Amino acid sequence: MLSEGRLLFGGDYNPEQWPAAVWDDDVRLMRAAGVNLVTVGVFAWAALQPEPGRFTFEWLDTVLDLLHDNGIGVALATPTASPPPWLGHRHPDTLPQGPDGVRRLYGSRNQYCPCAPAYRRAALVVTEALAARYARHPALRMWHIGNEYGTACHCDHCARRFRGWLVRRYGDLDGLNTAWGTAVWSQRYGSWDEVLPPRHMQYIGNPGQELDYQRFVSDALLECFTAERDAVRSANPAVPVTTNFMDLYRHTDGWRWAAEEDFVSLDTYPDPNDPDAALRGALSKDVVRSLGGGRPWLLMEQSPGAASWRPVATPKRPGLNRLWSMQAVARGADGVLHFQWRASRQGAERAHGAMVPHAGPDSRVFREICELGSSLDALSAVVGSTVAAGVAIVLDWDAWRACELPHQPLDGFSYVDRLTEYYAPLWRDNVTCDFARADGPLGDYRLVLVPNLYQVTPAAAANLRDYVAGGGTLVMGPFSGVADPDERVFTGGWPWGLADLFGVRVEEHWPLAAPLAVASGDLGDFVATGFAEWAEARGASVVATARGGPLDGRPMVLRNGRAWYVATLPSPDGMRRLLRTVCAAAGVRPVLPDLPPGVEAVRRGDRVFLLNHDDLTVDIVAAPH
Amino acid sequence: MLSEGRLLFGGDYNPEQWPAAVWDDDVRLMRAAGVNLVTVGVFAWAALQPEPGRFTFEWLDTVLDLLHDNGIGVALATPTASPPPWLGHRHPDTLPQGPDGVRRLYGSRNQYCPCAPAYRRAALVVTEALAARYARHPALRMWHIGNEYGTACHCDHCARRFRGWLVRRYGDLDGLNTAWGTAVWSQRYGSWDEVLPPRHMQYIGNPGQELDYQRFVSDALLECFTAERDAVRSANPAVPVTTNFMDLYRHTDGWRWAAEEDFVSLDTYPDPNDPDAALRGALSKDVVRSLGGGRPWLLMEQSPGAASWRPVATPKRPGLNRLWSMQAVARGADGVLHFQWRASRQGAERAHGAMVPHAGPDSRVFREICELGSSLDALSAVVGSTVAAGVAIVLDWDAWRACELPHQPLDGFSYVDRLTEYYAPLWRDNVTCDFARADGPLGDYRLVLVPNLYQVTPAAAANLRDYVAGGGTLVMGPFSGVADPDERVFTGGWPWGLADLFGVRVEEHWPLAAPLAVASGDLGDFVATGFAEWAEARGASVVATARGGPLDGRPMVLRNGRAWYVATLPSPDGMRRLLRTVCAAAGVRPVLPDLPPGVEAVRRGDRVFLLNHDDLTVDIVAAPH
Amino acid sequence: MLSEGRLLFGGDYNPEQWPAAVWDDDVRLMRAAGVNLVTVGVFAWAALQPEPGRFTFEWLDTVLDLLHDNGIGVALATPTASPPPWLGHRHPDTLPQGPDGVRRLYGSRNQYCPCAPAYRRAALVVTEALAARYARHPALRMWHIGNEYGTACHCDHCARRFRGWLVRRYGDLDGLNTAWGTAVWSQRYGSWDEVLPPRHMQYIGNPGQELDYQRFVSDALLECFTAERDAVRSANPAVPVTTNFMDLYRHTDGWRWAAEEDFVSLDTYPDPNDPDAALRGALSKDVVRSLGGGRPWLLMEQSPGAASWRPVATPKRPGLNRLWSMQAVARGADGVLHFQWRASRQGAERAHGAMVPHAGPDSRVFREICELGSSLDALSAVVGSTVAAGVAIVLDWDAWRACELPHQPLDGFSYVDRLTEYYAPLWRDNVTCDFARADGPLGDYRLVLVPNLYQVTPAAAANLRDYVAGGGTLVMGPFSGVADPDERVFTGGWPWGLADLFGVRVEEHWPLAAPLAVASGDLGDFVATGFAEWAEARGASVVATARGGPLDGRPMVLRNGRAWYVATLPSPDGMRRLLRTVCAAAGVRPVLPDLPPGVEAVRRGDRVFLLNHDDLTVDIVAAPH
């Protein structure tokens with residue numbers, strides 16, 4: 001279990017940046033704020049192992065004992081996200097190599113090649129030493145492996161492992177040549193030695209190579225994760241293991257990664273200047289809850305103030321950190337942590353917000369942290385409870401990666417934008433959504449939305465057909481069912497495997513240089529932008545039709561019983577009217593109807609959270625049941 | 001002769017991407033569409049020679065026989081634009097090196113150094129084998145050498161050949177130092193070993209070095225072309241040889257290249273979203289016809305749908321491919337081919353349009369292809385006929401390259417924009433233009449336009465003076481007569497060699513940060529943008545004068561008898577009024593007068609083509625003669 | 001003394017670019033124009049030493065004699081800013097290496113590593129030879145060392161010297177690790193071998209490393225300068241030595257550099273298209289005068305026409321070069337030189353303006369040069385006199401470098417913009433300003449402005465406190481007192497060391513995504529943009545307050561007696577009202593009151609210069625005293 005009866009509250013704690021004299025003050029302030037969990041050791045490799053073969057755990061012993069003595073639990077991190085300079089200096093082949101062939105130097109973080117044997121060995125050595133010493137420390141609540149996995153490298157170590165990965169996937173060179181379509185442009189590989197990561201090229205690269213390299217990098221990093229996970233687990237199987245995901249991040253496949261964790265964690269940094277920040281935050285949180293199978297999850301990082309890597313790093317306004325923390329709890333989190341506890345005085349993130357900011361505890365930020373601790377303490381009853389959703393949105397990493405490959409019909413076609421366009425109107429109407437795999441169980445949902453499924457497998461197509469056959473309502477967006485997992489375009493009309501279900505045949509993809517007028521008696525007229533399709537109804541009834549231009553008269557929304565196909569990207573109001581119509585037809589209802597704009601409602605367990613994202617005070621009288 | 005009594009019709013055919021079972025279907029559909037020529041083998045090197053010393057021609061035998069049996073001719077390509085991975089792997093020095101020193105990897109196309117001996121040898125080996133086997137195949141209609149030549153490399157092989165090229169041009173090191181002006185910035189070369197291609201530099205490079213490297217790269221690629229041409233010619237001198245030019249492309253000197261071909265070919269990809277696409281297409285086609293000496297040429301590539309390398313790859317609307325195909329025929333093409341026959345399912349161009357699109361023959365695209373085939377078949381009478389033009393526009397690769405060098409007075413001064421500004425009003429008025437060399441024969445034209453002649457030779461200046469002396473009317477734009485072919489700026493006032501002709505002296509170049517008002521009693525007032533000059537009339541009469549700002553009162557259009565000088569870049573309407581005035585004075589007339597806007601008229605042989613680029617239907621009653 | 005009774009007038013003279021036949025014409029035209037000083041030899045290394053061990057001084061003998069015979073003095077340059085190709089070819093380690101590891105090739109200029117022993121040796125050899133030959137030449141007026149120092153390199157030579165620099169600064173590795181905060185992100189250095197320049201990294205680099213490398217590069221270049229200075233001085237101690245600074249340039253610390261020169265020189269290139277060009281020119285000139293301790297300085301380079309490296313290289317309009325030249329004299333220059341004498345026909349700067357332009361002496365540019373020579377000749381009385389200022393603006397290179405480091409709260413926070421915002425309203429009101437060090441003498445000024453002091457030392461803080469205690473009036477802008485010189489953020493509230501002085505405590509930095517309304521009874525309401533702070537008055541009275549948004553009610557301008565704190569970036573009109581209020585309180589007065597807009601007034605010695613930057617003619621009747 002992630003938490004024991006209390007919502008977790010705290011942040012990243014980096015005592016190695018401070019003299020020991022500050023530690024007592026830290027713990028005193030943590031207690032004052034109600035902190036009950038801190039993440040320790042994320043970037044402490046050099047502090048724990050200043051040179052090969054020499055460990056300096058004493059300071060960490062002191063810190064863990066001190067925390068434990070004060071009732072504060074610890075998420076202990078393996079420090080492997082940032083190897084010390086000594087590793088890169090002694091083993092330059094552990095430094096990652098760009099597609100330009102240039103090694104990236106230490107002095108930052110993430111400077112490791114996930115395939116370099118010397119890195120993997122060194123990472124295991126420090127992980128095993130850490131596990132041996134602390135796996136049964138009474139402060140230890142969980143392991144936090146690495147940090148925000150995402151490093152790519154293009155070196156010869158990677159080339160070697162990539163070949164192994166390809167052999168496992170395709171069997172032999174013929175399989176590879178077929179999968180990558182190397183008959184195009186004379187790219188046929190005659191020996192495995194010739195196969196390399198995608199490096200600098202004269203012109204456009206092979207999309208199969210690019211796509212597989214993305215998959216491979218995710219898997220190579222996952223091997224790093226699982227190796228460390230196994231090491232800490234074998235020292236004490238009772239301690240749960242996680243790593244921290246970033247907000248919707250293409251480069252690591254969330255479904256595959258989440259399956260290897262005991263629970264999932266999220267780092268989330270919506271921009272306080274973004275008017276859609278609350279929407280994007282809700283989306284990230286619903287995604288991570290869904291990746292974790294609906295079980296409670298942990299908000300591992302958010303900033304109490306500014307995110308220093310942002311070009312305009314505006315802090316959160318008063319109250320905003322509490323509001324977004326409550327959004328996390330409402331959407332299934334059993335804990336709310338921050339990066340970081342005490343603001344660093346030095347280093348690349350010195351301008352990042354913290355629970356104890358540079359100004360010190362006499363500050364509006366720390367006062368708000370204390371209030372948040374106390375608010376969370378009052379919410380212990382929600383621990384372990386879950387969030388119910390009647391709608392699922394399909395989230396698919398292969399579709400995501402492939403639809404964003406270079407030289408698709410529309411450069412900058414954004415999978416996350418597609419998700420957001422479907423998620424947004426439901427969020428504004430307080431309809432709660434899960435995210436789901438295209439080939440996973442869908443039967444419990446009244447409505448399934450597929451904003452995009454560019455690559456589709458036979459299993460996924462069958463699953464969606466079965467879902468509708470079983471009484472479900474399905475909506476699919478454009479540029480779907482186009483290619484197979486080898487990025488081989490289907491012929492004969494799209495969406496492959498689903499055209500009959502929707503009663504539609506798509507002939508051509510039609511990116512839009514200018515907005516497209518769409519007329520609909522049922523939905524009202526709307527405008528679409530960015531992308532459309534040359535489609536025809538083959539059984540479906542036409543709900544909305546393009547007006548003017550070369551697409552004049554082409555169907556843009558089609559309905560075939562419970563299966564709806566949307567051949568373009570409607571404007572937000574068009575999408576809202578469309579999804580309201582669909583929800584009404586599918587019997588999907590909001591958590592609470594008729595709330596003022598800007599008020600978010602989520603039911604978790606037997607409670608309804610009401611979150612007011614607007615500046616105005618509103619009165620709400622409601623009987624949730 | 002390019003064609004034998006029929007307009008050629010077809011496209012690139014890549015059977016190596018498809019199982020043999022598809023080939024019969026291909027040929028059946030080709031016949032249905034009226035296809036009579038396909039380009040085969042463009043990127044088939046790996047398919048023809050999977051490893052050094054081993055050839056696999058059998059599949060190509062089958063394909064050529066099948067095509068021949070069905071009455072379809074073949075443009076057989078040497079496959080040397082994309083060497084197989086085995087070449088780059090065994091000879092890494094054949095991979096091109098960027099100015100950053102990084103080799104570009106295989107897995108794309110064009111990954112060859114045109115100077116690497118191993119590449120040249122391998123290219124000849126495969127070319128000779130191909131020629132030996134197919135030079136007398138009955139299907140063979142023409143050779144298509146390489147593809148869209150344009151690769152640059154900066155390696156040591158290139159350095160060596162560049163030095164040879166410089167020795168031939170300048171004789172010795174003193175000649176080189178003089179030509180490049182190495183006395184500036186202490187760049188004097190003391191030995192040939194020191195001379196290198198322009199690579200990464202600390203600050204601005206030497207313009208002579210940069211310019212000569214552009215010339216050298218064009219010539220080095222041309223050597224690759226001629227070597228292959230000679231190889232196929234020696235196998236059967238009766239088969240004509242071409243290579244496909246790209247739309248106005250600075251990096252290969254069209255005049256030098258066209259002189260080495262039996263006929264010229266064009267790949268043209270106007271953007272369907274560009275309101276000026278028809279104008280740009282006409283310009284490209286007139287240029288390529290002119291490069292080929294006015295003889296019939298071949299439209300080698302256009303897309304029946306989208307061009308996948310475009311950020312917004314919108315397909316052609318219904319009818320547009322036919323319209324632009326007819327524009328090619330009207331402007332002198334004896335054939336209309338497409339890239340490509342059947343849409344690739346894989347590879348970097350999988351989203352590119354095709355005659356048989358992914359949707360298959362049951363599609364609006366294929367139906368339109370069939371209609372086009374039939375329309376072209378009805379036009380056999382135009383084969384071999386030519387296009388008459390009363391106006392020539394001077395097109396000069398040295399002016400082009402040099403006026404776009406870094407650190408000219410106006411960054412982004414675009415030679416093609418200059419051509420287009422002069423071409424556009426004539427095109428809109430249906431006045432047909434040729435393009436001509438500055439030092440070539442001009443006497444047959446009533447009017448010669450020189451939008452820009454930044455670099456000028458004594459021969460060109462004399463030629464233009466002679467042209468006017470012989471009764472011709474001449475118009476020259478600004479930033480002309482500035483430098484000699486060594487990029488040495490002339491002193492004493494511009495345009496060098498022509499100032500007397502125009503009765504003008506230019507003292508200063510004056511790029512414009514804001515629009516410039518120009519007053520003219522004769523032309524009406526207009527606005528100019530981007531560039532102007534501080535000039536004075538020395539014999540010319542002033543037709544238009546700047547108003548306001550530091551240039552107030554300076555002459556902007558000047559006339560000296562039949563010689564007009566334009567010292568700025570007039571707005572489109574200003575340019576139209578100017579050129580109408582000039583045309584009237586020179587006795588230049590449109591193909592047909594008073595056509596509705598958007599209707600293009602071109603006379604080819606004894607026919608007038610009328611092309612309606614507008615959406616509206618128009619009625620035209622005209623007696624062309 | 002810089003000048004002997006006459007204002008210096010002339011420009012860079014590069015006879016090595018021209019045949020000797022032109023030299024006589026040069027000298028004749030120089031005399032016609034009134035030229036009395038030319039800079040010779042700046043990029044003449046290859047012309048003086050075409051290969052190692054061989055010198056060709058004869059041409060320079062002739063040129064110097066010719067100039068002397070015609071009464072023209074010489075600023076003789078060491079040619080070390082552009083080593084000849086032979087140096088880079090024989091010693092590739094002298095070529096600078098980018099952070100990407102790629103060496104920058106010769107064929108440009110500045111292609112040297114300031115730490116490469118072979119470069120330093122070669123630079124001294126040519127310098128000593130030059131000094132030996134010409135140190136007592138009668139034409140010699142001054143030495144001009146190098147040119148526009150600013151080259152950076154990241155090679156292993158630099159690494160070695162950087163380590164030495166760090167040892168001197170921090171003593172040992174512990175000192176370095178502490179200073180750079182390497183406890184953050186596990187960056188601890190275990191041996192000096194591991195310490196390198198900042199090269200390509202996977203993610204954000206260490207700000208301490210980046211900042212120290214900027215300091216180191218400035219110092220390494222300064223070593224190059226002082227080595228050459230010492231060489232020429234030892235040949236003849238009587239000849240003054242300078243080098244040419246660029247307009248406000250972060251990469252060389254002006255205070256440290258000016259201290260090593262006999263007098264300071266400026267290269268200044270305001271953009272004629274910039275409506276604030278005159279303001280920016282005045283600022284640069286006041287800065288360079290201040291760097292030189294208020295003594296007369298030399299305008300070493302300006303363009304008589306266009307600056308060719310500008311994307312839109314518009315020439316100066318008629319009269320503008322004279323106007324800006326007079327601005328230099330008014331603000332303390334004892335000479336006005338230009339780049340360059342005669343326009344180059346070749347090379348990267350062939351489109352740059354010149355005193356003798358490409359058009360030749362029969363040109364408006366050369367006629368204006370002659371008029372300028374004559375105007376300057378009439379102003380001999382000002383030679384040696386100084387400019388009095390009642391206001392000082394603090395200029396601090398460490399604050400500058402550090403506030404612009406990556407990942408500060410606001411990307412693109414520009415130190416020069418901050419200086420300009422405070423300088424502009426005073427310049428428009430004709431209040432003359434000096435620039436001063438934060439820890440230097442301030443007692444003579446009625447008013448000191450500190451637009452930004454991001455990094456602050458105890459000495460600087462004490463100096464500013466003492467200044468106010470001594471009766472001075474002080475204004476400080478936001479993002480000040482944030483960090484110490486090791487880029488270690490101060491805790492407990494900002495501005496460190498000065499909070500009591502201003503009676504203010506800043507808790508948070510608050511970059512602004514949208515404009516901020518500020519209300520003030522005393523100053524009138526205004527708008528602020530870009531940056532603000534969450535501050536509170538702790539003793540100060542609040543002069544202006546934010547209205548609306550998260551900062552609603554926070555103080556934005558505070559006053560504590562004579563100490564004013566501005567917690568945001570007011571709009572130009574807000575800043576003007578603020579500084580007028582402050583000037584009135586401090587008793588600061590303009591040179592002349594109530595001048596028409598666009599008229600600049602400066603007092604130098606006993607003269608007042610009136611410069612009309614507007615297009616309109618104005619009448620001014622004034623009694624200056």
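In what follows, chains carry the letters A, B, and so on, assigned in the order in which the sequence lines appear, proteins first and then strands, with residues in each chain numbered from 1. Remember, it's a predicted structure, so these values are computed and weren't measured experimentally.
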Review point. Hey, which of C:Pro409, C:Ala513, C:Gly181, C:Ser191 has the most heavy atom pairs under 4.5 Å with chain A?
Key: C:Pro409

Practice item. Report the distance from atom CD of C:Gln202 to atom OH of A:Tyr112, rounding to the nearest 0.5 Å. Key: 9.0 Å

Exercise for review: Pick whichever of A:Ala348, A:Ala351, A:Pro315, A:Ser82 has the most heavy-atom pairs under 4.5 Å with chain C.
Suggested key: A:Pro315

Point to revise | Top of C:Pro207, C:Ala183, C:Gly412, C:Gly493 for chain A proximity - count of heavy-atom pairs under 4.5 angstrom | key: C:Pro207

**Study point:** Per-residue contact mode, A:Pro83 against chain C (heavy atom under 4.5 angstrom)
**Key:** backbone

**Study point:** Shortest non-hydrogen contact between C:Thr178 and A:Gln346, atoms and distance
**Key:** O-NE2, 3.2 Å

Check your understanding: Does any heavy atom of chain C fall under 4.5 Å from the side chain of A:Glu51, the backbone, both, or neither of them?
Key -> neither

Point to revise | Heavy-atom contact with chain A under 4.5 Å, split by part of C:Glu507 | key: both

Exercise for review: Look at A:Ala44, A:Pro84, A:Ala47 and state which one has the largest set of heavy-atom pairs under 4.5 Å with chain C.
Suggested key: A:Pro84

Check your understanding: What part of C:Pro406 is in contact with chain A, defined as an atom under 4.5 angstrom from a non-hydrogen atom: side chain, backbone, both or neither?
Key -> backbone

Practice item. Over all heavy atoms of both residues, which pair between C:His407 and A:Trp309 is shortest? Give the atoms and the distance, please. Key: ND1-CA, 3.0 Å

Check your understanding: Does the pair C:Leu196 and A:Leu105 meet the rule for a side chain to side chain contact (heavy atoms under 4.5 Å, CB included), with working shown?
Key -> CA-CA 9 Å; C:Leu196 290 168; A:Leu105 195 63; 3.8 Å; yes

Exercise for review: Determine yes or no for a side-chain-to-main-chain donor-acceptor pair under 3.5 angstrom, with C:Glu194 supplying the side chain and A:Arg90 the backbone.
Suggested key: no

Point to revise | Check: A:Ala359 main-chain N/O paired with C:Arg505 side-chain donor or acceptor under 3.5 Å | key: yes

Study note, to complete from the structure: With chain A, the option among C:Arg199, C:Glu508, C:Gln209 that has the most non-hydrogen atom pairs under 4.5 Å is C:Glu508

Point to revise | chain C contact via A:Ala152 - side chain, backbone, both or neither, heavy atoms under 4.5 Å | key: backbone

Practice item. Name the region of A:His358, side chain, backbone, both or neither, that has any atom closer than 4.5 Å to a heavy atom of chain C. Key: both

Exercise for review: Could you have a look at C:His509, C:Glu536, C:Gln408 and say which one has the most heavy-atom pairs with chain A under 4.5 angstrom?
Suggested key: C:Gln408

Point to revise | Nearest heavy atoms of A:Ala46 and C:Ser186, plus distance in Å | key: N-OG, 2.9 Å

Point to revise | Side chain, backbone, both or neither of A:Pro318 within contact of chain C (heavy atoms, under 4.5 Å) | key: side chain

Point to revise | Interface moiety of C:Phe531 toward chain A, non-hydrogen atoms closer than 4.5 Å | key: neither

**Study point:** Portion of C:Leu551 that has a non-hydrogen atom of chain A nearer than 4.5 angstrom
**Key:** neither

Exercise for review: Please flag which part of A:Val102 lies under 4.5 Å from any non-hydrogen atom of chain C: side chain, backbone, both or neither.
Suggested key: side chain

Practice item. Quick one: which of A:Gly360, A:Pro79, A:Gly347, A:Gly107 has the most heavy-atom pairs under 4.5 Å with chain C, could you say? Key: A:Gly107

Review point. Which region of C:Trp180, side chain (C-beta onward) or backbone (N, CA, C, O), has a non-hydrogen atom less than 4.5 Å from a non-hydrogen atom of chain A, or is it both or neither?
Key: backbone

Practice item. Sort out for me which of A:Arg317, A:Arg103, A:His89 touches chain C most, counting heavy-atom pairs under 4.5 Å. Key: A:His89

Review point. What option among A:His352, A:Arg310, A:Arg350, A:Glu16 has the most heavy-atom pairs under 4.5 Å with chain C?
Key: A:Arg350

Review point. What residue, out of A:Pro50, A:Gly98, A:Ala343, A:Ser344, has the most heavy-atom pairs lying under 4.5 Å from chain C?
Key: A:Pro50

Point to revise | Sidechain-backbone polar pair: A:Arg345 side chain, C:Val489 backbone, donor-acceptor under 3.5 Å | key: yes

Practice item. Would you mind checking which part of A:Asp362 comes under 4.5 Å of any heavy atom in chain C, side chain (CB onward), backbone (N, CA, C, O), both or neither? Key: both

Study note, to complete from the structure: Under 4.5 Å to a heavy atom of chain A? For C:Ala179 that would be backbone

Practice item. Inspect the surroundings of CZ in A:Arg322 and state if more than 12 heavy atoms from other residues, nucleotides or ligands are less than 6.0 Å away. Key: no

Review point. Where the side chain of A:Thr314 meets the backbone of C:Pro511, is there a donor-acceptor pair that is under 3.5 Å apart?
Key: yes

**Study point:** Heavy-atom contact with chain C under 4.5 Å, split by part of A:Asn110
**Key:** both

Check your understanding: So do C:Asp411 and A:Val312 actually touch side chain to side chain, heavy atoms under 4.5 Å?
Key -> no

Check your understanding: Just wondering, more than 12 heavy atoms not from C:Asp500 lying within 6.0 Å of its CG?
Key -> no

Review point. Just by distance, do the side chain of C:Gln187 and the backbone of A:Tyr106 share a donor-acceptor pair under 3.5 Å?
Key: no

